[in-house]
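Indexing begins at 1, ligand by ligand and atom by atom, following the structure's order. Counting from 1, the numbers follow the sequence of the chain as shown.
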Amino acid sequence: MKFFIDTANLDEIREAYDLGVLDGVTTNPSLMAKEGITGDEKVRAHYKAICDIVDDKVSAEVIATDYAGMIREGKELAKIDDKIVVKIPMIKDGIKAIKYFHGEGIRTNCTLVFSAGQAILAAKAGATYLSPFIGRLDDISFDGLELIGQIVHIYQNYGYETEILAASVRHTMHLIKCAELGADVVTCPLKVITGLLKHPLTDSGLAQFLADHAKAAGK
Ligand code: E4P
């Protein structure tokens, strides 16, 4: 399972990368706005700065919602760095744009996915990644994890190559359940990745080992 970090914050991206387990980054317009990144030049420079930290797979989202605009923006984004994956919303023109970029050999991440039907469309169009938003489904009393299981099943039935990138991951159990279900990738905040480290028996066990060592050494 690949780990992507879901942020546009450079310090958090560096911290996750330094841990040695990071496979990529996802951003969205809200995450870019949170970092105060606005204007074409600043946005491009920020994506480049992210690409310079990580090895590959930096999702950069188009703002346009019409086919021509998405193609134009997606091409500009893809020019920033070979590591860029163009993120396209799950709308009619988005499906057409995904199909176009597939033909051009430009990787895409189909975002804002909330149903199995949408997942089938994106796979047929040739999306590289599919982002079902599990936390946002949970927020409205639908089971986000159930959707992940459903899409894994469907994609296995037909051998679709699109990778399932579980997004809107809010906590460690989301991540672990996605791993059980067979999601290819999870994207999550840094705290979810570091949260995997935590276990009270690890902490107390280590404290005991160090205390025993010190005692035996007469310290
Ligand atoms: C990532 O690709 C998505 O944009 C992100 O995971 C959405 O997360 P949120 O629902 O916590 O905003």
Side-chain angles (χ1 to χ4, degrees), residues 1-10 12-13 16-17 22-38 43 46-47 50-51 53-54 56-65 70 73-74 77-78 80 83-91 94-95 97-98 101 106-115 118-119 121-123 125 127-148 151 162-179 181 183-196:
M1 179 190 233
K2 296 186 195 97
F3 281 7
F4 290 180
I5 189 166
D6 197 19
T7 183
N9 182 281
L10 299 180
E12 289 183 6
I13 294 167
Y17 184 77
L22 193 68
D23 301 292
V25 179
T26 51
T27 62
N28 62 36
S30 304
L31 292 170
M32 292 292 274
K34 195 172 158 198
E35 300 305 314
I37 313 296
T38 53
V43 166
H46 199 77
Y47 283 137
I50 294 174
C51 290
I53 298 172
V54 300
D56 196 13
K57 298 183 271 291
V58 175
S59 282
E61 189 160 341
V62 297
I63 304 297
T65 53
M70 282 189 259
E73 266 186 51
L77 290 168
I80 296 171
K83 297 173 188 175
I84 293 284
V85 175
V86 180
K87 205 172 177 191
I88 309 264
M90 166 44 76
I91 54 177
I95 288 299
I98 288 167
F101 285 124
I106 293 174
R107 296 175 297 178
T108 54
N109 173 357
C110 181
T111 189
L112 289 165
V113 170
F114 295 95
S115 78
Q118 292 177 328
L121 269 179
T128 316
Y129 299 100
L130 177 90
S131 289
F133 279 29
I134 60 179
R136 292 193 195 187
L137 278 171
D138 289 356
D139 287 345
I140 58 159
S141 309
F142 281 84
D143 188 346
L145 287 165
E146 194 178 314
L147 176 63
I148 297 294
I151 299 170
T162 300
E163 292 192 37
I164 301 164
L165 193 179
S168 190
V169 165
R170 303 271 166 82
H171 48 73
T172 53
M173 280 314 290
H174 267 159
L175 187 153
I176 292 162
K177 289 286 173 193
C178 282
L181 290 164
D184 301 287
V185 191
V186 281
T187 190
C188 57
L190 179 62
K191 70 168 190 212
V192 175
I193 298 174
T194 54
L196 298 174

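Not counting sequence neighbours, Glu73 has no partner by the salt bridge (Lys or Arg N to Asp or Glu O under 4.0 Å) test. Listed by chain and number, the residues in a salt bridge (Lys or Arg N to Asp or Glu O under 4.0 Å) with Asp56 are Arg107 (sequence neighbours excluded). The salt bridge (Lys or Arg N to Asp or Glu O under 4.0 Å) test applied to Glu12 returns no partner, not counting sequence neighbours.
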Table of N or O contacts for ligand 1, cutoff 3.5 Å:
unit_1: ligand 1; atom_1: 2 (O); unit_2: Lys87; atom_2: NZ; d: 2.6
unit_1: ligand 1; atom_1: 4 (O); unit_2: Asn28; atom_2: ND2; d: 2.7
unit_1: ligand 1; atom_1: 4 (O); unit_2: Lys87; atom_2: NZ; d: 3.3
unit_1: ligand 1; atom_1: 6 (O); unit_2: Asp6; atom_2: OD2; d: 2.5
unit_1: ligand 1; atom_1: 6 (O); unit_2: Ser168; atom_2: N; d: 2.8
unit_1: ligand 1; atom_1: 10 (O); unit_2: Arg136; atom_2: NE; d: 2.7
unit_1: ligand 1; atom_1: 10 (O); unit_2: Ser168; atom_2: OG; d: 2.7
unit_1: ligand 1; atom_1: 10 (O); unit_2: Arg170; atom_2: NH2; d: 3.1
unit_1: ligand 1; atom_1: 11 (O); unit_2: Arg170; atom_2: NE; d: 3.4
unit_1: ligand 1; atom_1: 12 (O); unit_2: Arg136; atom_2: NH2; d: 2.8

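Between Tyr17 and Phe3, a ring centre-to-centre spacing not shorter than 6.0 Å is recorded.
Minimum interatomic distance between Ser131 and Thr111 (heavy atoms only, all atoms of both residues): CB-CA, 4.1 Å. Listed here is the closest heavy atom pair of Val25 and Val54: CG2-CG1, 3.8 Å.
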